[in-house]
Amino acid sequence: MPELPEVETMCRCIAAAVGGRIRDIVQPKSRLQSITISPPLVKFRRQARGRTVTAIRRLGKRVVLDLDDKRQGRSRQGVRPMNDDAREAAGDCIVLEPRMTGLVLLADPPDDEHLRLIFQLQGGGARHILFWDQRGLGVARFLSHAQFLRHYGPRRLGPDALTITVETLRQRLEGSRRPIKTALLDQQVLAGIGNLYASEILHLARIHPALPCRRVRGAQWSKLHAAMGQVLQAAIRHQGSTLRDGTYRIARNQSGDYQVYHRVYQRAGDPCLNCGTGKIVRIVQAQRSTFFCPTCQQRGR
DNA sequence: CATATGTCCTGAGAGC
DNA sequence: TGCTCTCAGGACATAT
């Protein structure tokens with residue numbers, strides 16, 4: 001399940017595709033249901049053909065391919081630098097949402113049967129961008145700038161989890177009755193955190209996942225904010241987490257590393273690596289597994 | 001308005 | 001062996 005660190009890794013791995021011009025978009029024949037392509041492929045292809053990828057950005061858990069202006073042709077295009085604020089694009093773009101099992105790669109998909117979409121390129125440093133997705137819950141969208149704002153504007157997507165300030169984080173959550181873990185998963189609150197990293201972050205911050213946001217105290221906001229940065233940065237350094245199901249990979253034979261450093265996720269029954277006395281527990285919140293240490297993460301403090 | 005639940009999808013694993 | 005069932009969860013739609 002690609003979250004911020006995995007999607008950041010994908011973006012870095014496909015950066016060579018910047019400068020490439022989209023020749024065509026091909027959907028391999030498959031016995032499986034098609035992923036969601038919006039607008040439908042015929043129109044998508046018509047709009048994307050001939051456009052140059054000017055930048056590749058991460059937007060929360062999504063990959064964005066910025067495109068040059070159609071009317072302008074290809075010669076005057078400079079390469080737009082990667083930008084921290086994901087909402088700076090001015091033109092059309094393609095957004096790829098990996099959701100549960102999607103991967104965006106330049107080559108070596110885990111297998112061919114789940115290859116969903118091929119963006120054929122010319123020029124630039126890559127021949128194509130591949131969208132591979134085992135379960136097929138992923139989405140590919142072609143969006144005008146106005147559509148992009150409608151889909152992914154500040155009302156739909158909160159500030160990025162890597163760059164949000166502690167003040168903003170606090171502002172957006174304090175007073176809410178929701179459990180802190182559920183709130184961290186809400187992409188309107190902040191973008192990028194999913195089920196795995198929510199558990200890891202709360203464990204590092206030593207906050208009980210069921211603690212209502214309004215009960216989080218002053219010092220805990222700083223701890224939470226710091227833990228978010230630490231966990232996400234470390235996970236990026238290790239190129240994300242490849243879980244037991246082995247779905248996420250950087251290429252066919254290359255896994256992420258960060259699963260080795262998980263302290264709670266999928267470790268129910270194991271001793272806590274902080275205190276050594278507690279056993280990691282699994283609970284269910286909003287239909288999702290949460291893992292935590294009842295000793296280190298008490299509701300009170 | 002805030003929060004909760006159902007739905008999509010595939011493959012793995014359990015149980016009979 | 002081979003069938004059916006359940007489960008995993010990101011994002012969105014719908015319900016309370």
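Under 4.0 Å is where a charged nitrogen must lie from a carboxylate oxygen, and between A/D24 and A/R45 at least one such pair does. A/E3 and A/K61 are not joined by a salt bridge, as no carboxylate oxygen comes within less than 4.0 angstrom of a charged side-chain nitrogen.
Within the 4.0 angstrom heavy-atom criterion, only backbone atoms of the sugar-phosphate kind lie near A/R282; the bases stay farther away. If you check every strand for non-hydrogen atoms under 4.0 Å, A/Y197 touches nothing. Looking at heavy-atom distances under 4.0 Å, A/S289 makes contact with sugar-phosphate atoms alone, never a base. At a threshold of 4.0 angstrom between heavy atoms, the contacts of A/S176 are confined to the sugar-phosphate backbone, with no base atom among them.
In this model, a donor atom of one side chain and an acceptor atom of the other lie less than 3.5 Å apart for A/R21 and A/Q122. Of the N and O atoms on the side chains of A/S30 and A/E113, not one donor lies less than 3.5 Å from an acceptor on the other residue. A donor-acceptor pair shorter than 3.5 Å cannot be found between the side chains of A/Q187 and A/Y152. For the residue pair A/D133 / A/T101, a side-chain donor-acceptor distance below 3.5 Å is found, with atom types taken as modelled.
A/A268 is linked by a side-chain contact (heavy atoms from CB on, under 4.5 Å) to A/R282, A/F291, counting only residues two or more places apart in sequence or in another chain.
Of the residues near DNA chain B, A/P179 and A/E113, the one whose nearest nucleotide (by heavy atom distance) lies more toward the 5' end is A/P179.
Taking every nucleotide of DNA chain C with any atom under 4.0 Å from a non-hydrogen atom of chain A, the first and last of them, 5' to 3', are C/dA8 to C/dC12.
Counting only residues at least two apart or in different chains, side-chain hydrogen bond (donor to acceptor under 3.5 Å, both in side chains) contacts with residues 171-185 of chain A comprise A/R170-A/E174, A/R178-A/D186, A/K181-A/N195, A/K181-A/T290. Counting only residues at least two apart or on different chains, the salt bridge (Lys or Arg N to Asp or Glu O under 4.0 Å) pairs with a member in residues 136-157 of chain A are A/E97-A/R141.
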Could you write out each protein N or O paired with an N or O of nucleotides 6-10 of chain B at a distance under 3.5 Å?
unit_1, atom_1, unit_2, atom_2, d
B/dC9, OP1, A/Q33, OE1, 2.6
B/dT10, OP1, A/Q33, N, 3.3
B/dT10, O2, A/R135, NE, 3.4

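Side-chain contact between A/M228 and A/I164 is present, with heavy atoms from C-beta onward closer than 4.5 Å. In this structure, A/W221 and A/L173 have side chains that are in contact, with non-hydrogen atoms separated by less than 4.5 Å.
Rotation axes derived from the C1' atoms of the five outermost pairs at either end of the helix from B/dA2-C/dT16 to B/dC16-C/dG2 lie 50° apart, to the nearest 10°.
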